[in-house]
Amino acid sequence: MRSAPSTLTPANVIGVAAFAAMLIALYLAIVESPDERVQGIHHRIYYIHVPTALVAYLSIAITAVASGVYLRTRRPRWDRLAYASAEIGVILTTLVLVTGSIWGRPVWGAWWSWSDARLVTTLVMWLSYIAYLMLRSLSGRAPGTARTAAVIGILGFVNVPVTYFSVYLWTYLHPLPTLQSATDRPESAILVPFLAGMLAFILLYVYLIRMRMRVEEAQQNLDALRAAAEGQ
Amino acid sequence: MKSPSQATGPKNTPPGYAAQFWLLLRKELAVEFRSRETAAPMAVFAVAALIAFQFSFDLRGAVLTLVAPGVLWVAIIFASLLALGRSFAREDERGSLEGILLSPTDPGALYLAKAAANVVLLTMLEVVIVPLSALLFNLQLLQPALLPTFLLGNIGIAGVGTILSSIAAQARAREALLPIMLLPLLVPVIIAAVRATGLAIDGRPWEDIQPWLAVLAAYDLIFVVLSALLFYATVER
Amino acid sequence: MNVDNGFGDFNPLFVFAAYAIVWIIFFGYLYYMARRQADIQSQIDSLQESMPNSNEGAEEDDASQPSE
């Protein structure tokens, strides 16, 4: 069961591909891409920030869908997928908030803005899924945790568009100084490094999910063994 | 409580969804009014919170109209945690939930009854503290638009809070988990309820308040329906 | 907007920080998971050694346990 010496397993192939894609994306974003007119060098943060954000939303969506499928099928595999995707989603969302702040400081002049619906919604989503992870870690391996966590996984996701709309309406009907970033550049110059970043993060996501699910499976096996040992 | 399950003997057909809802709601309220272990502490807590806010923000003059709606709703939401925390902890202490679930009760009806009981408790709380804050802070809180605002806000808080209470009751550190899970989900309610309340206090026309009531209504609809459908997963034993 | 960030308007440090944090967090997480996997595996191995005669029963539990 111990991971076999590095051969051509699917996990290893994905891992190597993810690492290579990360390096290529880095090269395209830093070396190939020219400075942007308005934001200058800081525009390069876009190529890591936006793919991170999109994959973060994707992984939260996968948590919600896997939670729903788990409630229907009760197959532990779906619960492990939901859990793994939530944990990786929280890490990605943390990176979204951090890289967003690092981008915002030189370009907007502020680390944070309460008047941008995307920022506030991302923060709320982040907190919701930290609550999800806390529920899971505080409930331990109690039976039923998978079920109750699945409910939180779904409710938190449904709340994302509702929160976005509320915050949008809040800023729209109650104008605050809005901050905007101008990105008037030829599309293709952005598109190539952006797509490279997307590919890199999606591969990395798949790799991490597989790894995290395996850790969870091993943990469940360990718990079962412990229960069996105690029962004797 | 035994009475609802006894009323439906094995020969009778179990009561329908609506009848179950009414039975369970009456049971919830009967338990609450007999013990009074939630309503009174909520009100006292909310008043104490208002005093704390007064000296934190110095609620006089221009600050008052800016901050008062938020102060009121934060006091209500914090006080609601007391009711929501009790909602299922009480069942757990007595082991009475198992009895209800053994009877042919629809979990959705149980959820709606619990949520409705929490709406009643929140409304009772507001009947006390809204006039009181109008008096203490000299606020124009007798606006007709506040009626739907508070009602829809209560449904939102109770709707999400009730299912989360059932989840938290099964976990360790339930007192900490409930607010951690609840507050992020309530962000749209806080935004819309505070704005609507602020506009109503300012005496603004209906057209200005309406969008926020629509947000609250949409939120309530989405989360109450979703929770009623998902609730079975939190009470399964 | 005129930004006084102490380093001048266009500062590669921001770009470097953004990329560095993402890479560091990812490798940290990978390392943490590899450690956890190894740790769990060693615990499983030692448990199985400590009860050699009950291995089969435990194995069956493996399959049934996660279904709750």
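The structure displayed is predicted, hence computed values, not measured ones. Note on naming: letters A, B, ... go to the chains in the order of the sequence lines (proteins, then strands), and numbering restarts at 1 for each one.
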Separation between CE of A/Met22 and CZ of C/Phe27, rounded to the nearest 0.5 Å:
7.0 Å
Roughly how far, to the nearest 0.5 Å, is the CD atom of C/Gln41 from the CD atom of A/Gln219?
11.5 Å
Among C/Asp39, C/Val22, C/Leu30, residue most engaged with chain A (heavy-atom pairs, under 4.5 Å)
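Most pairs with chain A among the choices: C/Val22.
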Check the pair A/Arg214 / C/Met33 against side chain to side chain contact (heavy atoms under 4.5 Å, CB included), numbers first and verdict last.
CA-CA 10 Å; A/Arg214 265 187 38 217; C/Met33 273 199 298; over 6 Å; no
Test side chain to side chain contact (heavy atoms under 4.5 Å, CB included) applied to A/Leu208 and C/Phe26, step by step
CA-CA 9 Å; A/Leu208 290 175; C/Phe26 272 129; 3.5 Å; yes
What part of A/Ile91 gets closer than 4.5 Å to chain C, counting heavy atoms only: side chain, backbone, both or neither?
side chain
Under 4.5 Å from any heavy atom of chain C - which part of A/Arg226:
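Contact with chain C: backbone and side chain both.
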Would one find more than 12 heavy atoms of other residues, nucleotides or ligands at under 6.0 Å from atom CE of A/Met134?
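At most 12 heavy atoms, drawn from other residues, nucleotides or ligands, come within 6.0 Å of this atom.
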Over 12 foreign heavy atoms within 6.0 Å of CZ, A/Arg77
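It does not: A/Arg77 CZ has 12 such atoms or fewer within range.
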Pairwise salt bridge (Lys or Arg N to Asp or Glu O under 4.0 Å) hits with a residue in residues 83-93 of chain A, at least two apart:
A/Glu87-A/Arg212
Could you list which of residues 93-101 of chain A have a heavy atom closer than 4.5 Å to any heavy atom of chain C, in residue-number order?
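Residues A/Leu95, A/Val98, A/Thr99 are the ones that qualify, each having a heavy atom under 4.5 Å from chain C.
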Non-hydrogen atoms of chain A under 4.5 Å away: do they reach the side chain of C/Phe16, the backbone, both or neither?
neither
Which bit of C/Ile21 comes within less than 4.5 Å of chain A, counting heavy atoms only: side chain, backbone, both or neither?
both
Flag the one option from A/Ile88, A/Leu92, A/Ile102 with the top tally of heavy-atom pairs under 4.5 Å to chain C.
A/Ile102
State, with a plain yes or no, whether a side-chain heavy atom of A/Ile48 is found less than 4.5 Å away from one of C/Val15.
no
How close do C/Ile44 and A/Ala218 get, heavy atom to heavy atom, and via which atoms?
CD1-O, 3.6 Å
Which atoms form the tightest heavy-atom contact between C/Ala34 and A/Met211, and what is the distance?
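Closest heavy-atom pair between C/Ala34 and A/Met211: N-CE, 3.9 Å.
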